[in-house]
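Read through the structure below, which is laid out as C-alpha cells, and then see the notes.
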Amino acid sequence: QVQLVESGGGSVQAGGSLRLSCTASERTYSGYHMGWFRQAPGKEREFVATISRSGVITNYADSVKGRFTISRGNAKNTVYLQMNSLKPEDTAIYYCAADISPRYIPDVKIGGYDYWGQGTQVTVSS
C-alpha cells in the first residue's frame with residue numbers, strides 16, 4: 001500500500017506562487033509515474049500535470065502550461081508542483097497520485113492512477 005501525503009497548500013493573491021509537495025511512503029516510489037490533479041467546488045477532478053518515473057517525461061494541462069512545473073526531488077520519494085502566476089481559477093483541492101503500471105508514458109486520466117493523497121487546498125484571491 002502506497003501512502004501519499006500532500007503539503008504546501010494555502011491562500012495567495014492572484015499573481016503569487018505556491019509550491020506543493022507530495023511525499024510517498026513506499027520505497028519503490030521511484031518506480032512510479034506521479035501526477036497532480038485538482039478539483040474545484042462543483043466541478044469534476046481534472047488533470048494538472050504528470051511526470052514519468054525517470055523524471056524525463058512531463059505533461060501539463062493547457063490551462064497551467066508555462067505557469068506550473070512538476071519535478072521529482074533528489075530524495076526520489078517526493079514530487080513537487082511549483083505554481084507561479086496563480087489565477088483565481090486555480091482555486092481547488094490539489095491531489096497527488098501514483099501510477100504503478102508498467103506503461104512508458106504517464107497517463108493523464110484519473111483512472112490511470114492507483115493511489116491518491118488526501119489533497120491540499122489552494123485558494124487564489126483576486
> Are Gln118 and Glu6 close enough that some pair of their side-chain heavy atoms sits under 4.5 Å apart?
Replying inline: yes
> Would you say the side chain of Ser17 lies within less than 4.5 Å of the side chain of Met83, judging by non-hydrogen atoms?
Replying inline: no
>> So, taking the atom named CG in Leu4 and the one named OG1 in Thr78, what distance separates them when rounded to the nearest 0.5 Å?
In response: 10.5 Å
> Does a side-chain heavy-atom distance below 4.5 Å link Val79 with Ile70?
Replying inline: yes
> Under 4.5 Å between any side-chain heavy atoms of Gln121 and Thr91, yes or no?
Replying inline: yes
>> Distance check, rounded to the nearest 0.5 Å: Gln82 atom CD versus Leu20 atom CG?
In response: 9.0 Å
>> Rounded at 0.5 Å granularity, tell me how far OG in Ser52 sits from CE in Met34.
In response: 12.0 Å
> Just how far is it from atom CZ of Phe37 to atom SG of Cys96, taken to the nearest 0.5 Å?
Replying inline: 10.0 Å
> With a 4.0 Å cut-off, would you call Lys87 and Asp90 a salt bridge?
Replying inline: no
> Mind checking whether Val12 and Tyr94 sit in one hydrophobic cluster, side chains of I, L, V, M, F, W, Y counted as touching below 4.5 Å?
Replying inline: yes
>> Can you give me the closest heavy-atom contact between Cys22 and Trp36, atom names plus distance?
In response: CB-CZ2, 3.7 Å
> Can a cation-pi geometry be assigned to Arg38 and Tyr95, taking NZ or CZ under 6.0 Å from the six-membered ring centre and within 45° of the ring axis?
Replying inline: no
> Out of curiosity, Arg67 CZ to Asn84 CG, how far, rounded to the nearest 0.5 Å?
Replying inline: 9.0 Å
> Sequence neighbours excluded, which residues qualify as ring pair (Phe, Tyr, Trp, His ring centres under 6.0 Å) partners of Phe68?
Replying inline: none
> Any cation-pi pair here, Arg19 with Tyr80, using under 6.0 Å and within 45°?
Replying inline: yes
> So, for Ser126 and Ala14, which heavy atoms are closest and what is the spacing to 0.1 Å?
Replying inline: CA-CB, 4.3 Å
> With side chains defined as the heavy atoms from C-beta onward, is the minimum distance between Arg72 and Ile51 less than 4.5 Å?
Replying inline: yes
> Quick one: are Leu86 and Leu18 in side-chain contact, heavy atoms under 4.5 Å?
Replying inline: yes
> Minimum heavy-atom separation for Lys43 to Gln39, with atom names?
Replying inline: O-NE2, 3.1 Å
Under 3.5 Å, side-chain donor or acceptor atoms of residues 108-116 against the rest of the protein: list the pairs with distances, not counting sequence neighbours.
from, atom 1, to, atom 2, distance (Å)
Tyr113, OH, Thr50, OG1, 2.8
Tyr113, OH, Asp107, O, 2.7
Asp114, OD2, Ile100, N, 2.9

> Atom CG of Asp99 and atom CZ of Arg53: how far apart are they, to the nearest 0.5 Å?
Replying inline: 7.0 Å
>> Given 3.5 Å as the limit, does a donor-acceptor pair link the side chain of Thr120 with the main chain of Gly9, or not?
In response: yes
